[in-house]
2 protein chains.
Amino acid sequence: MPASPAETTSVTLPEAFEDPVYRAAVVDLLGVISYGEISAFERLADDSKLAPTLEDKLALATMASVELGKVAALHTHLRALGADPFAAMAPFRAAIDEFHRHTAPADWVEGLVKAYVGDGLANDFYREIATYLDPDTGELVLSSLDDDGGHAALVVDRVRSVIAADPAQGGRLALWGRRLMGEALTQAPRGAVDRDALTALLTGGVDRPGLDLAALGRMFTRLTERHQERMGELGPDA
Amino acid sequence: MPASPAETTSVTLPEAFEDPVYRAAVVDLLGVISYGEISAFERLADDSKLAPTLEDKLALATMASVELGKVAALHTHLRALGADPFAAMAPFRAAIDEFHRHTAPADWVEGLVKAYVGDGLANDFYREIATYLDPDTGELVLSSLDDDGGHAALVVDRVRSVIAADPAQGGRLALWGRRLMGEALTQAPRGAVDRDALTALLTGGVDRPGLDLAALGRMFTRLTERHQERMGELGPDA
């Protein structure tokens with residue numbers, strides 16, 4: 001779908017977009033984040049059904065709505081680039097759906113842990129990528145990742161009480177966290193690696209820094225470390 | 001949970017609230033609407049999974065988020081009345097959950113029809129009730145019923161195309177619409193009639209008009225007529 005004249009005249013695209021590979025990469029990136037948010041909405045809405053109390057249900061449902069609320073700005077930006085948001089999301093649906101099928105939580109607390117470490121990991125990854133973007137797009141990506149309303153704090157609080165009440169849960173949830181990380185590292189690249197543009201993004205361009213293999217390695221190390229920190233926040237054994 | 005001092009000092013309650021029966025009735029009303037919105041969120045989020053396209057999925061998910069977004073203002077008002085929102089919602093959970101269990105849509109288009117006629121009916125009913133409230137509460141109730149973003153138009157459009165493509169669907173959906181109305185009339189009162197305060201609301205008070213049996217009958221006639229109109233908007237046979 002081409003952008004309407006009103007949209008194209010009101011937006012002056014940064015120089016970086018003169019490179020068609022860069023534009024395609026940004027379209028891919030905003031597409032994958034958009035679908036990730038829609039998918040997070042679905043997952044959190046589903047998890048909210050398992051909530052033991054109406055307070056917890058409302059908290060999860062609100063988290064779901066917050067995720068979905070981020071989609072509109074991403075789609076507006078995609079349209080300003082002359083891209084159809086639905087076409088931009090399409091290539092990533094199968095990989096993201098597959099990831100969620102492989103990591104369906106068995107119960108309420110597994111759902112909470114997945115919401116916490118899954119969103120945390122995705123946020124860390126997109127935050128790393130944002131540094132390789134033109135400033136406008138980078139800011140949009142960062143703003144779509146904000147944790148509004150301290151929902152993460154609620155999740156940490158709930159998971160900690162579960163482990164405090166039944167310490168054996170700590171070990172089980174630690175395994176679950178490791179499995180989530182493993183699935184994320186094996187599934188997510190499968191979707192991304194097929195996409196030349198996203199790969200090109202990470203390798204840089206005329207006016208953008210790239211990421212060599214050593215730097216990519218350091219990035220994965222940082223992502224793994226942050227994941228360990230998050231699991232540590234959930235409890236002594238988690 | 002008592003209201004915080006900041007909330008009680010900033011709100012001067014209208015004279016109507018000096019009548020404890022009226023206050024209890026408003027708490028009940030805002031409680032039932034709040035839980036209805038949370039429940040609508042759950043239902044729409046569930047229906048969005050059946051959507052044939054990602055566009056439809058996003059539209060339903062957005063409708064779900066809009067419903068949930070109305071809860072915060074209702075809860076703020078409940079807290080200003082010194083009521084705990086979760087205690088206020090509790091008495092209505094069973095009846096509303098039961099209604100949704102009895103009217104689970106068999107497919108995507110039944111879900112759309114239920115979203116359209118179910119929300120329409122609930123909105124009509126609360127709009128009728130709003131005329132028996134003090135102006136502030138009445139306005140809050142009306143604002144929580146606004147159809148933001150023309151979502152109803154989207155539903156009408158989708159259902160019409162389904163019937164246009166397969167006219168036999170019209171008859172099936174007409175039956176479905178009748179069944180929804182029947183369940184709403186038999187299930188909803190079961191929850192409300194047990195609640196003395198809501199009944200007292202409809203029968204009036206010192207400074208508020210009441211509703212005699214004849215007026216109540218006329219109200220049900222209006223609700224039924226509006227339901228017929230809505231079904232008519234969906235298609236020739238629906």
Side-chain angles (χ1 to χ4, degrees), chain A residues 1 30-76 78-79 84-94 96-97 100-101 104 111 148-149 151, chain B residues 1 31-76 78-79 83-94 96-97 100-101 104 111 148-149 151:
Chain A
M1 189 196 298
L30 302 183
V32 71
I33 299 179
S34 296
Y35 188 69
E37 302 286 11
I38 294 176
S39 168
F41 166 88
E42 289 197 281
R43 176 168 42 84
L44 289 165
D46 250 2
D47 291 349
S48 76
K49 287 192 218 164
L50 303 171
T53 69
L54 190 49
E55 284 88 338
D56 286 330
K57 185 193 286 282
L58 181 58
L60 266 268
T62 304
M63 281 173 82
S65 293
V66 167
E67 299 287 349
L68 197 81
K70 294 169 179 169
V71 172
L74 295 163
H75 283 190
T76 300
L78 279 165
R79 290 198 181 92
D84 171 18
F86 293 96
M89 293 189 289
F92 304 102
R93 283 188 75 175
I96 291 179
D97 289 352
H100 288 305
R101 249 194 308 276
D148 318 275
H151 298 303
Chain B
M1 187 196 300
V32 71
I33 298 179
S34 295
Y35 188 69
E37 303 286 11
I38 293 175
S39 167
F41 166 88
E42 289 197 282
R43 176 168 42 84
L44 289 165
D46 250 2
D47 291 349
S48 75
K49 286 193 218 162
L50 304 170
T53 69
L54 190 49
E55 285 88 338
D56 286 331
K57 185 192 285 283
L58 180 58
L60 267 268
T62 304
M63 281 173 80
S65 292
V66 167
E67 298 288 349
L68 197 81
K70 294 169 178 170
V71 173
L74 295 163
H75 283 189
T76 300
L78 279 165
R79 290 198 181 92
D84 170 17
F86 293 95
M89 294 190 288
F92 305 102
R93 285 187 74 174
I96 291 179
D97 289 352
H100 288 305
R101 250 194 307 276
D148 318 275
H151 298 302

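Order of the sequence lines sets the chain letters (A, B, ...), proteins ahead of strands, with each chain counted from 1.
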Task: Leading residue by heavy atom contact count with chain B [cutoff under 4.5 Å; candidates A:S48, A:A72, A:A61] - done: A:A61
Task: Proximal component of A:I38, with respect to chain B [non-hydrogen, under 4.5 Å] - done: side chain
- [ ] Tell me, for B:L68 versus chain A, whether the close heavy atoms (under 4.5 Å) come from the side chain, the backbone, both or neither.
- [x] side chain
TODO: Calculate, to the nearest 0.5 Å, the distance between atoms CZ and CG belonging to A:F86 and B:L58 respectively.
DONE: 5.0 Å
TODO: Heavy-atom distances under 4.5 Å only: say whether B:E42 touches chain A with side chain, backbone, both or neither.
DONE: side chain
Open item on the list: Quick check on A:K57 against chain B: is it the side chain, the backbone, both or neither that has a heavy atom closer than 4.5 Å?
Closed with: side chain
